Amino acid sequence: GTYRSPTRDLEPELWRTRDRGLGIYGGVFLNSVLRLPIWYQSKDTPMHSLSLSRAVLGAFGIVTATAIVGSASILLTSRHAQLREAQQRSAAVAAREATAIYAQGLQMGQATRNIILEPANPKAYGNFDKAAEDFGAILGRLRTAAGLLSGAAGIGGEIASIETDWKADTALHRRIQALAKAGEGEKAIALLRADETPLWRKYKDAILRVVELASGDEERNASWAHS
């Protein structure tokens, strides 16, 4: 689709000032051009003084309109650059946080496998709880960072899907751990293979897509900032 500058939405008054300035500039310039032939054709008539006054006023109007347009454009350019820098930083944070929740997801899976192998080992349960807690905290930071990106809608949808699947996966992990603790290791392994592993793979792929989207947004904003 056609590119629309984000500052047009965030700084509407500046854009209206710039557009008004362009309108003034065009109107004054057109009026002056139409009046100049009268001035040249009527140098020896009283019309000369009137036309000269209009020409001077026209020139003054052009200078004023140019100043308005120039000031608004400079301010818009500055705001646009600041927005790009903010989006670049947010994209870097989003990519980093998405990578971090991927690591916590792996840690959750490893902890549950350790529980299946050693159901009486309290450390494995503690490791799982810590990984799940960290996943939730990082996911919240990821959501905040992703909200500032130019592709926020797409990334936001992925994050919502990740959160839904992660919560369901956490519940599955708890069921698997309970089976293992009750001495039903075979049932625990069957549930892990049939339900938990496919679900983890599903939202793992969504996490990796967020990393890719955020990294791409960071690169685009960096290239625009240096162009």
Side-chain angles (χ1 to χ4, degrees), residues 84-223:
R84 288 297 184 197
E85 289 174 2
Q87 287 181 329
Q88 183 182 353
R89 290 192 298 270
S90 295
V93 170
R96 184 174 67 245
E97 301 292 23
T99 301
I101 62 170
Y102 175 71
Q104 296 306 318
L106 290 174
Q107 181 62 30
M108 288 170 61
Q110 186 59 53
T112 293
R113 285 168 175 77
N114 289 341
I115 289 170
I116 292 173
L117 293 173
E118 298 182 76
N121 184 357
K123 185 177 180 181
Y125 295 92
N127 289 341
F128 177 85
D129 291 341
K130 181 65 165 58
E133 180 182 353
D134 289 347
F135 191 111
I138 297 168
L139 187 63
R141 297 199 297 269
L142 171 61
R143 187 185 300 107
T144 299
L148 298 176
L149 306 188
S150 57
I155 293 181
E158 293 284 9
I159 292 173
S161 174
I162 290 167
E163 184 172 15
T164 298
D165 289 341
W166 166 66
K167 288 179 178 179
D169 192 36
T170 301
L172 272 174
H173 278 290
R174 301 288 189 193
R175 287 174 57 195
I176 292 166
Q177 293 166 15
L179 287 170
K181 193 173 184 178
E184 299 187 78
E186 290 186 2
K187 288 184 179 180
I189 293 172
L191 185 58
L192 179 74
R193 290 174 175 171
D195 293 349
E196 193 284 323
T197 297
L199 182 57
W200 159 242
R201 287 173 179 168
K202 177 176 178 285
Y203 74 95
K204 175 196 72 174
D205 289 344
I207 292 171
L208 294 178
R209 284 195 297 272
V210 170
V211 173
E212 183 179 359
L213 288 168
S215 297
D217 200 89
E218 181 185 7
E219 291 175 4
R220 282 191 300 276
N221 282 290
S223 64

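Just the heavy atoms: all of them, side chains too, but no hydrogens, waters or symmetry mates, feed the values below. No experiment lies behind these values; they were computed from the predicted model shown.
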Subject >> Carboxylate-amine/guanidinium proximity below 4.0 Å for Arg201 and Asp205 >> reply: no
Original post:
Relative to the ring of Tyr203, is the ring of Phe135 parallel (under 30°), tilted (30 to 60°) or perpendicular (over 60°)?
Top reply: perpendicular
Subject >> Distance (rounded to the nearest 0.5 Å) between Leu106 CG and Ile101 CD1 >> reply: 11.0 Å
Original post:
Has the side chain of Arg113 got a donor or acceptor atom that lies under 3.5 Å from a matching backbone atom of Gly109?
Top reply: yes
Original post:
Is it true that atom NZ of Lys204 has more than 12 heavy atoms of other residues, nucleotides or ligands lying nearer than 6.0 Å?
Top reply: yes
Subject >> Beyond-backbone contact of Glu186 with Ile189, side-chain heavy atoms, under 4.5 angstrom >> reply: no
Original post:
Taking all non-hydrogen atoms of both residues, which atom of Val210 and which atom of Ala98 are closest, and how far apart?
Top reply: CG1-CB, 3.8 Å
Original post:
Is there a side-chain contact between Gln177 and Thr112, using heavy atoms and a 4.5 Å cut-off?
Top reply: yes
**OP:** Locate the shortest heavy-atom distance separating Ala131 from Gln104; write the atom from each residue and the value.
**Re:** CA-OE1, 3.4 Å
Original post:
Is there a side-chain contact between Arg141 and Val93, using heavy atoms and a 4.5 Å cut-off?
Top reply: no
**OP:** Identify the heavy atoms of Ala95 and Ala214 that sit nearest to each other, and give their distance.
**Re:** N-CB, 3.6 Å
Subject >> Shortest non-hydrogen contact between Pro119 and Tyr125, atoms and distance >> reply: O-OH, 2.7 Å
**OP:** Take Ile162 and Tyr102, measure what side-chain contact (heavy atoms from CB on, under 4.5 Å) needs, and give me the verdict at the end.
**Re:** CA-CA 11 Å; Ile162 290 167; Tyr102 175 71; over 6 Å; no
**OP:** Can you measure from CG (Asp195) to CG (Leu172) and round to the nearest 0.5 angstrom?
**Re:** 5.5 Å
Original post:
Does CZ belonging to Arg143 count more than 12 external heavy atoms closer than 6.0 Å?
Top reply: yes
Original post:
Between CD of Glu196 and OG1 of Thr170, what distance do you get to the nearest 0.5 Å?
Top reply: 9.0 Å
Original post:
To the nearest 0.5 Å, how far apart are CG in Leu179 and CZ in Arg174?
Top reply: 14.0 Å
Original post:
If you look at every heavy atom in Ala94 and Leu142, which pair is closest and at what distance?
Top reply: O-CD1, 3.3 Å
Subject >> Minimum-distance pair of heavy atoms, taken over all atoms of Trp166 and Gly136 >> reply: CH2-CA, 3.6 Å
Subject >> Beyond-backbone contact of Trp200 with Leu192, side-chain heavy atoms, under 4.5 angstrom >> reply: no
Subject >> From CG (Leu191) to NE2 (His173), nearest 0.5 Å >> reply: 10.0 Å
Original post:
With distance as the sole criterion, is a donor-acceptor pair present between the side chains of Glu118 and Asn114 under 3.5 Å?
Top reply: no
Subject >> Point-to-point distance, once rounded to the nearest 0.5 Å, from OG1 of Thr164 to CG of Asp169 >> reply: 12.5 Å
**OP:** May I ask you to test the Gln107-Asn127 pair for a side-chain heavy-atom distance under 4.5 Å?
**Re:** yes
